[in-house]
Amino acid sequence: MPAPLRDTAEVSLRTAARELGLRPREFELAVQIEEVRTVPGPAGRTRRVLREEVERIKAAPGFPGALRGRLRVMGVREASAFLDISPSRCARLARAGCFGPVSFYVNRYRTVVWLYLAQELRDFAENNPQLLTGRLPVGLRAELEAGVDHRALRWRGRRVEQLTRHAADPWERAAARASVLDDATLAEAVPDGGERARLRALRPCFLEVRNAAEVTRDVLEEVCRAEGAEEIRWYRFLLDADLESARAAEGPAAARAVREPGRGPAEGRPGASGAAAGEGRSHPGTARPVAGPPTAPGPRRRWSLLRRRRPRPGVRTAGGTGTRGGRATRVPEQ
């Protein structure tokens with residue numbers, strides 16, 4: 001019996017990377033910053049790339065050199081030479097959140113080494129030439145003297161934004177928001193056990209880890225976790241809004257089931273199947289959602305709160321949309 005014809009309208013991520021001449025980490029970055037656009041795969045499978053997307057990239061002027069140029073990343077020393085400033089000034093600008101990292105790795109000394117897109121550094125320099133020479137503005141100096149470090153926060157914001165763009169529905173968006181919240185915060189934000197189990201089941205892979213030692217995993221886990229009251233509050237607000245949309249999409253009956261306090265966690269609630277078993281497990285990377293009871297403000301009121309509470313950067317930043325608040329990360333970094 002002849003083998004079934006292979007669907008050539010889509011290709012796997014590995015095939016797309018090979019045809020574009022990109023190494024695994026280069027391709028992973030290309031997907032994250034949407035240089036290569038992906039589409040959902042079959043149920044339970046990884047995302048895929050349309051054949052026409054591969055051909056579009058290959059037909060672009062300057063391929064493959066231009067594509068590799070847009071994927072060029074550099075650490076703080078190379079970035080300082082690129083911007084023609086000292087390494088210490090470059091690191092201070094990064095800690096202040098003037099530009100955000102696109103990736104990172106943990107070296108053998110268990111130190112986080114942040115990597116920045118060359119294109120975003122170029123954009124920052126063009127938009128903020130006054131920050132490359134002379135004294136930094138008073139506001140930035142005050143933040144740095146207070147010990148702020150927005151690098152991990154900016155990276156988390158970028159990653160969460162990408163995951164929410166790939167989400168197929170409000171529940172998947174909520175799971176992406178929840179992926180940066182710890183278990184205690186999640187339990188407080190989402191008291192319903194069935195909903196927490198559903199969010200855990202839908203939680204996306206926040207960070208790909210390859211053969212990392214346990215001590216390195218601890219560092220990675222800390223980088224992936226939201227820190228500081230302002231950042232945590234921001235993600236809880238977003239999670240709360242996504243949960244409200246998810247409940248509303250499933251109809252009034254589902255919303256009433258969630259809001260009846262006398263009912264058990266698995267009674268009449270979406271995604272409640274297996275909640276009791278999932279509730280007892282401890283998942284180190286599990287995120288936490290936000291409150292969605294009837295006392296929560298309506299959508300118009302909530303979004304006005306979000307606009308008022310979201311931190312506003314003092315300079316034009318390059319890349320990412322992460323918030324500017326939160327305390328400095330405790331992880332040693334470069």
Side-chain angles (χ1 to χ4, degrees), residues 32-33 73-77 79-80 82-83 85-106 111-125 127-128 130-132 135-164 177 179-182 185 206-207 219-238 306-334:
Q32 288 181 5
I33 65 176
V73 296
M74 53 188 66
V76 69
R77 290 194 176 278
S80 65
F82 186 76
L83 296 174
I85 58 177
S86 68
S88 62
R89 188 183 189 95
C90 186
R92 295 183 76 201
L93 290 172
R95 286 197 296 271
C98 296
F99 45 83
V102 72
S103 183
F104 70 93
Y105 65 91
V106 179
T111 298
V112 176
V113 179
W114 297 106
L115 301 173
Y116 306 90
L117 274 176
Q119 182 58 54
E120 291 185 358
L121 294 174
R122 185 180 296 111
D123 292 343
F124 169 76
N127 293 326
N128 301 277
Q130 73 281 4
L131 295 179
L132 302 181
R135 300 194 70 189
L136 293 178
V138 174
L140 285 183
R141 292 205 310 270
E143 286 189 3
L144 292 168
E145 289 169 3
V148 300
D149 189 342
H150 296 309
R151 292 174 294 185
L153 180 147
R154 292 291 302 275
W155 177 79
R156 285 190 293 269
R158 188 195 295 264
R159 181 63 175 143
V160 170
E161 183 179 333
Q162 183 221 349
L163 292 173
T164 54
R177 312 279 192 200
S179 61
V180 296
L181 301 174
D182 62 33
T185 306
F206 199 81
L207 179 66
V219 175
L220 296 173
E221 184 176 327
E222 188 168 352
V223 172
C224 294
R225 188 76 62 242
E227 291 191 310
E230 188 174 356
E231 185 187 9
I232 292 171
R233 183 168 59 246
W234 171 246
Y235 282 115
R236 286 190 56 170
F237 269 117
L238 294 177
L306 288 176
R307 288 195 296 270
R308 188 162 61 249
R309 289 177 180 270
R310 187 169 188 174
R312 293 186 293 274
V315 298
R316 296 178 64 185
T317 58
T321 57
T323 61
R324 287 284 309 276
R327 61 183 171 82
T329 181
R330 297 186 300 275
V331 183
E333 297 165 342
Q334 290 183 352

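Remark: F104 pairs with W114, W155 by the ring pair (Phe, Tyr, Trp, His ring centres under 6.0 Å) rule, at least two apart or across chains. The side chain to side chain contact (heavy atoms under 4.5 Å, CB included) search around A226 returns V180, L181, E231, I232, Y235, not counting sequence neighbours. In this structure, R92 has no side chain to side chain donor-acceptor pair (under 3.5 Å) partners at least two apart in sequence or on a different chain.
Within 6.0 Å of CZ in R77 there are 12 or fewer heavy atoms belonging to other residues, nucleotides or ligands.
Of the possible donor and acceptor atoms, one in the side chain of R89 sits under 3.5 Å from a partner among the backbone N and O of L131. With hydrogens and angles ignored, the 3.5 Å screen pairs no side-chain donor or acceptor of R95 with any backbone N or O of V148. With hydrogens and angles ignored, the 3.5 Å screen pairs a side-chain donor or acceptor of R156 with a backbone N or O of V223.
The two residues L144 and A96 have their closest heavy-atom pair at CD2-N, 4.0 Å. The nearest pair of heavy atoms linking C98 to L140 is SG-CD1, 4.0 Å. The two residues V102 and Q32 come nearest to each other via the heavy atoms O-OE1, 4.1 Å.
Distance OH/Y116 to CG/L93: 10.0 Å, rounded to 0.5 Å. Going from atom CZ of R159 over to atom OG of S179 covers 8.5 Å, rounded to the nearest 0.5 Å. With rounding to the nearest 0.5 angstrom, the CG atom of L121 is 10.0 Å from the OG atom of S80. Rounding to the nearest 0.5 Å gives a distance of 5.0 Å between CD of Q130 and CG of N128. Residue I33 holds its CD1 atom at 7.5 Å from CD of E120, rounded to the nearest 0.5 Å. From L238, atom CG reaches atom CZ of R233 across 12.0 Å, with rounding to the nearest 0.5 Å.
Residues R154 and F99 form no side-chain contact, since every pair of their non-hydrogen atoms from C-beta on lies 4.5 Å or further apart.
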